[in-house]
Asker: 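Dropping the structure in here first, questions after.
Remember, predicted model here, so these are calculated numbers, not experimental data. Note on naming: letters A, B, ... go to the chains in the order of the sequence lines (proteins, then strands), and numbering restarts at 1 for each one.
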Number of protein chains: 2
Amino acid sequence: MHDRLLAQPGYVLRRAANAMSAELSRRLGVLGLRATDASVLILLEESPGITASAIGRAIDIQRANMVPLLRRLEDAGLIDKTPIDGKSQGLALTRSGRDTLAQAWTIIESFERELLERIPAEHRDHLLPALTALWQGEDD
Amino acid sequence: MHDRLLAQPGYVLRRAANAMSAELSRRLGVLGLRATDASVLILLEESPGITASAIGRAIDIQRANMVPLLRRLEDAGLIDKTPIDGKSQGLALTRSGRDTLAQAWTIIESFERELLERIPAEHRDHLLPALTALWQGEDD
DNA sequence: AGCGATTGTTGTTGTGCATAGCAATCACGA
DNA sequence: TCGTGATTGCTATGCACAACAACAATCGCT
């Protein structure tokens with residue numbers, strides 16, 4: 001019906017990413033998490049005590065946009081802030097945050113597994129390297 | 001730094017798609033077009049006289065969201081509407097619309113070419129089939 | 001001590017997409 | 001022929017995500 005579009009990797013990339021994001025959001029929704037929330041929690045697990053700005057730098061979220069995100073996580077009792085000095089504050093998972101993240105990991109892992117299973121075996125292992133090259137190869 | 005995230009195809013898919021979308025939008029911006037506009041114009045070239053609802057159905061844009069999109073295209077003189085019956089209207093490219101689309105194609109094709117060039121040769125041909133399987137294999 | 005950079009924050013804007021509701025119209029079976 | 005259900009175009013509204021500008025407080029370095 002719209003063959004020209006379906007032949008464009010860029011178009012299909014956008015569509016696939018939208019579909020996957022929507023599905024992941026739906027699944028994480030049962031934990032009260034958004035996809036971005038989960039990314040932040042994951043980062044926080046890897047680097048406890050990291051600062052808000054540093055998280056933003058790591059996963060390319062503007063400093064300003066971290067504020068409402070972190071406030072939600074803090075209000076939900078998943079993270080807490082500890083002053084490092086007069087202006088920086090270290091972030092870390094609370095116990096409840098660790099529990100929620102563990103549940104999130106279960107969801108994410110089965111999601112990723114199903115995602116890969118949908119891809120024919122001969123293409124499967126090429127997806128991650130191809131996408132990584134695409135994204136990281138950005139020249140701006 | 002955040003290895004867990006970078007190892008998730010779903011995460012990298014989202015990031016790659018965002019980066020690509022931003023770049024394409026930037027390039028199409030010089031024509032005053034958004035990425036979605038271009039998709040609609042392409043569809044309109046393939047199926048002149050198609051109706052707004054049918055376009056929405058073809059590329060999964062809600063009927064409601066077609067309205068401002070089409071109004072912009074019409075205000076820009078790229079498309080025109082012809083009543084089919086009392087409630088439906090056929091859409092078609094104007095001459096100016098065809099010209100703009102031709103320019104858009106030039107941009108899109110070089111964009112897609114550069115996109116593929118960024119991917120190592122051994123992975124390149126697997127991207128489109130993998131993404132298509134991912135997206136079309138949706139079970140909801 | 002002073003100055004540039006950094007941090008957290010507020011506020012605003014734009015884009016993409018979803019949903020609900022509505023009036024007009026169409027299509028098809030009774 | 002009628003009328004009921006589906007379709008069409010449209011308004012309005014909301015949510016998620018992200019960009020930008022501006023700001024006060026603080027830090028780090030010379």
Side-chain angles (χ1 to χ4, degrees), chain A residues 10-11 13-29 31-40 49-75 79-91 140, chain B residues 11 13-29 32-40 49-75 79-91 135 138 140:
Chain A
Y11 178 77
L13 173 63
R14 205 155 14 111
R15 295 298 306 270
N18 281 347
M20 294 302 102
S21 297
E23 174 64 14
L24 181 59
S25 295
R26 201 183 60 71
R27 298 197 190 183
L28 286 176
L31 296 181
L33 293 180
R34 306 176 185 178
T36 319
D37 296 345
S39 305
V40 169
I50 196 177
T51 177
S53 298
I55 295 179
R57 250 173 276 126
I59 57 181
D60 292 295
I61 299 180
Q62 305 285 319
R63 221 163 56 244
N65 297 327
M66 293 290 306
V67 179
L69 196 165
L70 292 178
R71 188 178 41 221
R72 265 185 307 111
L73 292 181
E74 194 179 18
D75 289 349
I79 65 172
D80 53 19
K81 308 179 176 179
T82 317
I84 295 180
D85 55 28
K87 75 175 174 184
S88 299
Q89 40 192 299
L91 303 172
D140 52 328
Chain B
Y11 178 77
L13 172 63
R14 205 154 15 110
R15 296 296 309 268
N18 280 348
M20 294 302 100
S21 296
E23 173 65 13
L24 181 58
S25 294
R26 204 183 57 71
R27 297 197 191 184
L28 285 176
L33 293 180
R34 305 177 187 178
T36 319
D37 296 346
S39 306
V40 170
I50 197 176
T51 173
S53 298
I55 294 178
R57 248 173 279 130
I59 57 182
D60 292 293
I61 300 179
Q62 305 287 320
R63 239 169 341 132
N65 296 327
M66 292 290 307
V67 179
L69 197 164
L70 292 177
R71 188 177 42 220
R72 267 185 307 110
L73 293 180
E74 194 178 17
D75 288 351
I79 65 171
D80 53 20
K81 308 179 176 180
T82 318
I84 294 181
D85 54 27
K87 74 175 174 184
S88 300
Q89 41 191 292
L91 303 171
W135 165 36
E138 272 288 40
D140 52 330

Asker: Specify the separation, in whole Å, of atom CD1 of I84(B) and atom P of dG9(D).
Answerer: 8 Å

Asker: Go along nucleotides 15-22 of chain D 5' to 3' and tag each nucleotide: B for a protein heavy atom under 4.0 Å from its base, S when only backbone or sugar atoms are that close, - otherwise.
Answerer: -SSBBBB-

Asker: Can you tell me the distance, in whole Å, between the CD atom of Q89(A) and the P atom of dA25(D)?
Answerer: 16 Å

Asker: In whole angstroms, how far is the C1' atom of dT15(C) from the CG atom of L69(B)?
Answerer: 12 Å

Asker: In whole angstrom, give the distance that lies between atom CZ of R57(B) and atom P of dA6(D).
Answerer: 15 Å

Asker: What is the distance from atom CD1 of I79(B) to atom CG of L73(B), rounded to the nearest 0.5 Å?
Answerer: 5.0 Å

Asker: For salt bridge (charged side-chain N to carboxylate O under 4.0 Å, His left out), just list the numbers for E23(A) and R26(A), CA-CA rounded to whole Å, side-chain angles, deciding distance to a tenth of an Å, and then say yes or no.
Answerer: CA-CA 5 Å; E23(A) 174 64 14; R26(A) 201 183 60 71; 3.1 Å; yes

Asker: Check nucleotides 27-30 of chain D for protein N or O atoms closer than 3.5 Å to its own N or O atoms and list the pairs.
Answerer:
{"from": "dC27(D)", "atom 1": "OP1", "to": "G86(A)", "atom 2": "N", "distance (Å)": "2.4"}

Asker: Using 0.5 Å steps for rounding, measure from the CZ atom of R14(A) to the CG atom of L24(B).
Answerer: 6.0 Å

Asker: Would a 4.5 Å heavy-atom cut-off, applied to side chains only, mark Q89(A) and I84(A) as touching?
Answerer: no

Asker: Rounded to whole angstrom units, what separation is found between the CG atom of L28(B) and the P atom of dT15(C)?
Answerer: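 In whole Å, dT15(C) P lies 14 Å from L28(B) CG.
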
Asker: With a 4.0 Å limit, can you tell me whether K81(B) has a side-chain N or O closer than that to the phosphate oxygens OP1/OP2 of dC10(D)?
Answerer: yes

Asker: In this structure, how many angstroms lie between the C1' atom of dT15(C) and the CG atom of L24(B), rounded?
Answerer: 14 Å

Asker: Could you check whether any side-chain heavy atom of D37(A) comes within less than 4.5 Å of a side-chain heavy atom of R72(A), counting everything from C-beta outward?
Answerer: yes

Asker: What's the separation between atom OG1 in T51(B) and atom CG in L91(B), rounded to the nearest 0.5 Å?
Answerer: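 Between T51(B) OG1 and L91(B) CG, I get 6.0 Å after rounding to 0.5 Å.
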
Asker: Without decimals, in angstroms, what is the distance between R71(A) CZ and dG8(C) C1'?
Answerer: 12 Å

Asker: Quick one: does any side-chain atom of N18(B) pair with a main-chain N or O of R15(B) as donor and acceptor, under 3.5 Å?
Answerer: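 Side chain of N18(B) to backbone of R15(B): no pair is present.
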
Asker: Within less than 4.0 Å of OP1 or OP2 of dG9(D), is there a side-chain N or O belonging to S53(B)?
Answerer: yes

Asker: Could you tell me which residues satisfy side chain to side chain contact (heavy atoms under 4.5 Å, CB included) with R57(B), sequence neighbours excluded, listed by chain and number?
Answerer: S53(B), A54(B)

Asker: L70(A) has an atom CG; how far is it from atom C1' of dG8(C), in whole Å?
Answerer: 10 Å

Asker: Drop me the distance from R63(B)'s CZ to I55(B)'s CD1, to the nearest 0.5 angstrom.
Answerer: 14.0 Å

